Amino acid sequence: MSAIRFENVTKEFSNMARSAVDHCTLAVDKGQFVVLLGPSGCGKTTLLKMVNRLYEPSSGTIYLDGVDIRQLNVNKLRRQIGYVIQQTGLFPHMTVAQNIATVPNLLRWPKQQTDQRIDELLTLVDLPPAEYRTRYPAQLSGGQQQRVGVARALAGNPEFILMDEPFGAVDAITRTSLQDEMISLQKKLRKTILFVTHDVDEALRLADKIVIMRGGKIVQYDTPLNILNHPVDAFVKELTGGGDMVRQLSLMRTEAAMHPLPPNFQVDHQPTIRGDQDLRQALSLLLQPDTTALLVMQQQTPVGLLTLDDIRAATRGQSTVASAA
Amino acid sequence: MDYLVRNPATILRLTGEHLYMAVVALLIAFVIALPLSMLLLRSKQLATVVLGILGVLYTIPSIALLILLLPFFGLNRNSVIAALVIYTQIILVRNMVAGLQGVPTAMLDAAKGMGMTAWQRWWQVQFPLALPVILAGVRLATVVSIGIATIGAKFGAGGLGTLLFDGIAQNRYDKIVVGSVVVALLALILNRLLLAIEHYFEPARKIKRAARQIRSVTQTEAQTAT
């Protein structure tokens, strides 16, 4: 059963000629990080906001864990869905701790449990509680504010998280590090996440699967690699950078292109690369003299090998995993 | 100044009457202005019309307005209070609307998206964020009320205006001086007091307090470390 399911969902606004969201059907599996990607006005935010009923669909149904969301009390529904928006979403008159406590307070958690949760979450997003609890949002950098935003969304321990261009307003370097943190957080937490962005690189880095939208319709729904390799039409190809090979390489992770270690493999003096580094970095290492393969590492343990052939296969659209199988 | 020293009881009584009119008027005005502002937030057209009318009312000279109100409220302080309510409406409503409008929609969206009820959004987010601007309106309205309430003496409402009008009638310069000084002092003191309250709720001030707290904590930590 899918965690989130949209069935023939349409949303019309009275002041718009066409539907903002036009007969969208989409199933998101539990624990998946799904990015809604598309140009502005494509309906991605509208689709997202229908999940926590900030908008009601004009027709169609949305199910959370198989339950029609209209059957739930709207505030109860929202309290079990984390919600992150651009940094303006933090309450400026409340401290970091008070901001994070918003949903626990709405859920009437005992004070001690809430306090514990605040410390836990601040540690999780790498802001030492002793130092940051009593600060106000205005005393934090953009990146820190966004981390508090994520902590606040996680506070009620929701199964689902909706993120609406959360990193849109921070500078490029901070954004990259926030994305890295998001990736490692998601590895630990395995929440079902819907994430809206118009930034293709961000989508390709974060997503398990990407929903590409245009004019209110879902154009393609697939893994990043498949979208790069098999764009359904010229629009998707254009959006994801089409024939630009180097750009494509920089968007694919080594762990997606590597082949598994052969049995009784001997770790020798092969150069190593982390699984979350991209293929462009891998390529520049492979082009060094006397290098034929890279050892792909995840948390200090080797998990696979990467050769020039793997990279070639990945860009040609033949996943090595498939050819090995 | 002799007058002040010789008649403290009278002056105190008149100050009390004066304050009473201003405070009661402000309370009533606030209770009317708040729901009115919330209503105006929902419709721009309505806001333009209502703010226009309140603006025109504000320009009516106080004596004229009081005379207009006498048939309804009688020759007593009720007429004065009614006049003050009408005068302060524009100040309060304009500030409340501005303050409430100043709360970013994205923030209210976030509050809604996290599952706050309409009432919780109002109390926990909208009202506290608008509070500094609303309080600025209350302060201005208070000063205006203290000033206008002086006229009340002419309409049997008592208050510090009594000293002024008596002074003119009896050619007693000392009464006029004492009356004006006490009215001015009253306005100044209330202004300072409300300004302090306003600053207390200002987010920027809260941040400075928090920063001081953080500094003192780190200092204590540093001291314990050494």
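What you see is a predicted model; the values in this text were computed from it and never measured. Throughout, protein chains are lettered first and strands after them, A, B, ... in sequence-line order, and every chain is numbered starting at 1.
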**Q.** Atom of B:L36, atom of B:Q89 and distance for their closest heavy-atom approach
**A.** CD2-OE1, 4.1 Å

Q.
Any non-hydrogen side-chain atom of B:V133 less than 4.5 Å from a side-chain atom of B:Q101?
A. no

**Q.** Contact summary for B:M114 and A:L106, nearest pair of heavy atoms
**A.** O-CD1, 3.6 Å

(Q) Show the nearest heavy-atom pair for residues B:I90 and B:L51, with the distance to one decimal. (A) CD1-O, 3.5 Å

Q: Answer yes or no: is there a side-chain heavy-atom contact under 4.5 Å between B:W122 and B:M38?
A: yes

Q) Taking C-beta and beyond as the side chain, do A:L124 and A:K188 meet within less than 4.5 Å on heavy atoms? A) yes

Q: Heavy atoms only, distances under 4.5 angstrom: which of A:T102, A:V84, A:T95 has the most pairs with chain B? Name it, please.
A: A:T102

Q | Members of residues 57-79 of chain A whose heavy atoms come closer than 4.5 Å to chain B | A | A:N75, A:R78, A:R79

